[in-house]
There are 2 protein chains.
Amino acid sequence: MTTGSTIDREIEARLGSAGVRYTRARRAVVGALARADGPRSASELHEDMDQGVPLSSLYRSLSVLDDAGVLEPHNSLKGLTRYELAEWLAGHHHHLVCLICGTVEDIELSAEMESRLEKVVETVTKQLSFDATGHTLEVHGRCARCV
Amino acid sequence: MTTGSTIDREIEARLGSAGVRYTRARRAVVGALARADGPRSASELHEDMDQGVPLSSLYRSLSVLDDAGVLEPHNSLKGLTRYELAEWLAGHHHHLVCLICGTVEDIELSAEMESRLEKVVETVTKQLSFDATGHTLEVHGRCARCV
DNA sequence: TTCCTTGCAAACGATTTGCATTGGA
DNA sequence: TCCAATGCAAATCGTTTGCAAGGAA
């Protein structure tokens, strides 16, 4: 299935210059993540994409896509790693982390709020010996399902 | 050693009302975390506290302290869980996350910056079906050692 | 005595890897 | 053709747990 959406073409280019192919399995992973509303773990993706892709291959796909900068890993409850499309594909966003069930939901801030936040980050990091390249605001609490 | 610092006494009370003891092993964990400048994993603590305590006991100590609300788990690179003293003991702070080596360093914001940040969080969460109880700003980049 | 704790080893779940096979440019 | 990609099974790694022995109240 080569829908050739914008995202698909960007990823194809990125992988191409990394010397790896954009195979069916990898497209399926990207598709599932594009459809998701938050980070997904290997086993969650495994269910989402019912097909016969074995877990080990899924892990390999995730690893390749991660190395190529297509994905961003998100470390989740109990030693689980969840992935989402990297910011250059999915846009900059923040996280609502449910302390009960561990799910993470993406949120985007209004331009106004985002710019205020960036101002804070900038001011804070200016005087540190730390080369800041990005930020995420993690809001903790209970999600709608866990109230 | 029963130094009986303020923190120790507060924890002792907390554990007491949870029906568990504040044993030597647990004191050692708290001590190591109090000395650390960021979250520590079980195996990191195992090295820090060089002697005798087997990993499984260390995990159990972490679990008990976590359940009692003394620690706060922090999900780190590659399915590792790192712990730090809970905010009511260590104070509210944020994180500098090194994308290269995965270490996390705590930072405190000035009152000015913290209040600006809180304003943003408040504004954002007000209109969500998410019961927000806290927040952490995660600044990503390269730490001094990984530049 | 009565629970809480600890040690040790086995068990577990998530992730990785070796190897032989398949697939795509 | 030639090297990347895949499946499968076995191996790793962080973490958990069952069970018997060791404290503390």
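Computation of the quantities below employed the complete heavy-atom set of this structure, encompassing side-chain atoms and omitting hydrogens, waters and symmetry-equivalent molecules. Each chain gets a letter, A, B and so on, in the order its sequence line appears, and its residues count up from 1. All of these numbers come straight from a predicted model, not from anything done at the bench.
- For the helix from dT1(C)-dA25(D) to dA25(C)-dT1(D), the rotation axes defined at the first and last 5 base pairs enclose an angle of 30°, given to the nearest 10°.
- For dT15(C), one of the phosphate oxygens OP1 or OP2 lies less than 4.0 angstrom from a side-chain nitrogen or oxygen of Y59(A).
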List, with names and distances, any nitrogen or oxygen atoms from the protein found under 3.5 Å away from nitrogen or oxygen atoms belonging to nucleotides 8-10 of chain C.
| residue | atom | partner | partner atom | Å |
| --- | --- | --- | --- | --- |
| dC8(C) | N4 | R60(B) | NH2 | 3.0 |

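- Panel note: side chain E118(A), backbone S115(A); no donor-acceptor pair is recorded below 3.5 Å.
- Here the P atom of nucleotide dG13(C) and the CD atom of E47(A) are 15 Å apart, to the nearest Å.
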For this session: Could you encode protein contacts along nucleotides 20-25 of chain C as a string, one character per nucleotide from 5' to 3', using B for base contact, S for sugar-phosphate-only contact and - for no contact, with a heavy-atom cut-off of under 4.0 Å?
Result: ---BS-

Would you be so kind as to tabulate the donor-acceptor pairs closer than 3.5 Å made by side chains of residues 58-69 of chain A, with sequence neighbours excluded?
| residue | atom | partner | partner atom | Å |
| --- | --- | --- | --- | --- |
| S61(A) | OG | S57(A) | O | 3.2 |

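- Of the side-chain N and O atoms in S41(A), none sit less than 4.0 angstrom from OP1 or OP2 of dA14(C).
- A sub-4.0 Å separation between OP1 or OP2 of dT15(D) and a side-chain N or O of T81(B) is present.
- Remark: R14(B) CZ is packed, more than 12 non-hydrogen atoms of other residues, nucleotides or ligands lying under 6.0 Å away.
- Residues satisfying the side-chain contact (heavy atoms from CB on, under 4.5 Å) criterion with R35(B), sequence neighbours excluded, are A32(B).
- Applying the ring-ring contact (aromatic ring centres under 6.0 Å, His included) test to every pair with at least one member in residues 114-147 of chain A, sequence neighbours left out, gives these pairs: H92(A)-H135(A), H94(A)-H135(A).
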